[in-house]
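Shown next, in structure tokens, is the structure this report addresses.
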Amino acid sequence: MKPPIVIAVDGTSASGKSTTSKHLAKLLGFVYVDTGAMYRTLGWYCLKHQIDVNAERTVANTCRRWNTTLECADGQVHLLVDGVNPGRELRTSEVSTATSRIAANAKVREWMKRRQRECLQFGSLVMEGRDIGTNVFPETDFKYFLDAHLEERARRRAAEGVHENLAARDQQDSQRAAAPLMIALGAKVINNSGMTIPATCDIIIADLRQKGAAVELRPAAS
Ligand code: C5P
């Protein structure tokens with residue numbers, strides 16, 4: 001059996017990472033991992049249990065003790081907490097803001113990195129986030145960084161019914177000391193403003209092949 005490979009997709013908020021990664025995973029028959037959802041689950045959990053997201057030690061302790069499991073269903077990994085997937089509740093602007101705070105916590109990031117690397121048990125991965133190519137799987141040869149103009153990104157989020165200050169979140173993500181958002185060495189940068197999701201996937205697949213990745217399109221998905 002071929003060893004599993006990891007495609008790391010990082011980028012700014014609302015740059016199309018999720019939709020692109022999901023589509024790409026389906027095309028290639030890989031498992032999709034949304035690491036933002038894992039961080040959001042902790043942000044949501046803190047809000048739900050009235051844990052101060054700025055209290056570093058308390059949040060780190062919470063993360064050490066909460067009752068979680070990784071589940072792979074329909075080609076996607078979910079982090080369950082007390083057996084529950086919070087789903088849409090993770091997508092509010094309150095959860096986004098809380099999440100950016102807990103994501104700056106170095107102990108939280110260590111915990112998340114361990115869980116994210118455990119996802120390899122499910123097979124080859126398309127993993128999206130902010131630090132996948134720089135920190136979680138720095139050894140992978142397949143790194144992509146997505147971006148789009150701020151106005152377009154704000155439009156995309158508004159279309160999902162969420163109004164938030166994306167520039168502020170990007171700034172917080174880029175300026176934190178622990179694994180900040182940045183372009184990994186060797187990553188291919190794709191500005192997908194005005195580009196369709198299949199077109200972005202085509203660029204990634206062409207690059208994967210050029211780099212010698214043994215990827216094949218699944219007949220049902222192409
Ligand atoms: O991608 P998404 O917008 O769902 O991520 C929510 C937040 O989680 C980001 O703004 C960032 O603070 C944090 N995050 C992170 N590292 C990742 C994924 C997400 O710091 N790998």
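Note: hydrogens, waters and symmetry copies are ignored here, and every other heavy atom, side chains too, is used. Read the numbers this way: they start at 1 and go in the same order the structure lists the ligands and their atoms.
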| Location of contacts on R176 toward ligand 1, heavy atoms closer than 4.0 Å | side chain
| query | For A37 and R91, which heavy atoms make the closest approach, and how far apart are they? | reply | CB-NH2, 3.7 Å
| field | K211/D141 salt bridge by N-O under 4.0 Å criterion | value | no
| query | So is D173 polar-close to ligand 1, meaning N/O to N/O under 3.5 Å? | reply | yes
| task | State if K113 counts as touching ligand 1 under the rule of any non-hydrogen atom under 4.0 Å. | result | no
Identify every side-chain donor-acceptor pair in residues 71-79 under 3.5 Å, counting partners at least two apart or on other chains, and give the distances.
| unit_1 | atom_1 | unit_2 | atom_2 | d |
| --- | --- | --- | --- | --- |
| H78 | ND1 | N85 | ND2 | 3.4 |

| Heavy-atom nearest option to atom 15 (C) of ligand 1, drawn from Q172, R130, R157 | R130
| request: Check whether any side-chain N or O of D147 sits under 3.5 Å from a backbone N or O of N191 as a donor-acceptor pair, and report yes or no. | output: no
| query | Of M38, M112, R40, which has the heavy atom at the shortest distance from atom 4 (O) of ligand 1? | reply | R40
| So does E139 have more than 12 non-hydrogen atoms from other groups sitting under 6.0 Å from CD? | yes
| said: Among all protein heavy atoms in this structure, tell me which lies nearest to atom 6 (C) of ligand 1, with the distance rounded to 0.1 Å. | reply: R169 NH1, 3.4 Å
| message | Geometry only, no angles: is S13 polar-contacting ligand 1 at N/O separations under 3.5 Å? | response | no
| query | Does a side-chain N-to-carboxylate-O contact under 4.0 Å join E118 and R115? | reply | yes
| So which residues get pulled into I183's cluster when ILVMFWY side chains under 4.5 Å apart are joined, directly or through others? | F145, L181, V189
| query | At under 4.0 Å between heavy atoms, which part of R91 makes contact with ligand 1: side chain, backbone, both or neither? | reply | side chain
| task | To the nearest 0.5 angstrom, please state how far the CG atom of N105 sits from the CG atom of L42. | result | 8.5 Å
| request: Starting from atom 16 (N) of ligand 1, locate the nearest protein heavy atom and write down its residue, its atom name and how far away it is, to 0.1 Å. | output: R109 NH2, 3.0 Å
| said: Quick check on contacts: which atoms of ligand 1 are under 4.0 angstrom from a heavy atom of A103? | reply: 12 (O), 13 (C), 20 (O)
| For Q210, does the CD atom have more than 12 heavy-atom neighbours from other residues, nucleotides or ligands under 6.0 Å away? | no
| remark: Among non-hydrogen protein atoms, atom 8 (O) of ligand 1 lies closest to T99 CG2, 3.4 Å
| What's the shortest distance from atom 18 (C) of ligand 1 to any protein heavy atom, and which residue and atom give it? | T35 OG1, 3.4 Å
| Taking heavy atoms and a distance under 4.0 Å, where does S100 meet ligand 1: side chain, backbone, both or neither? | both
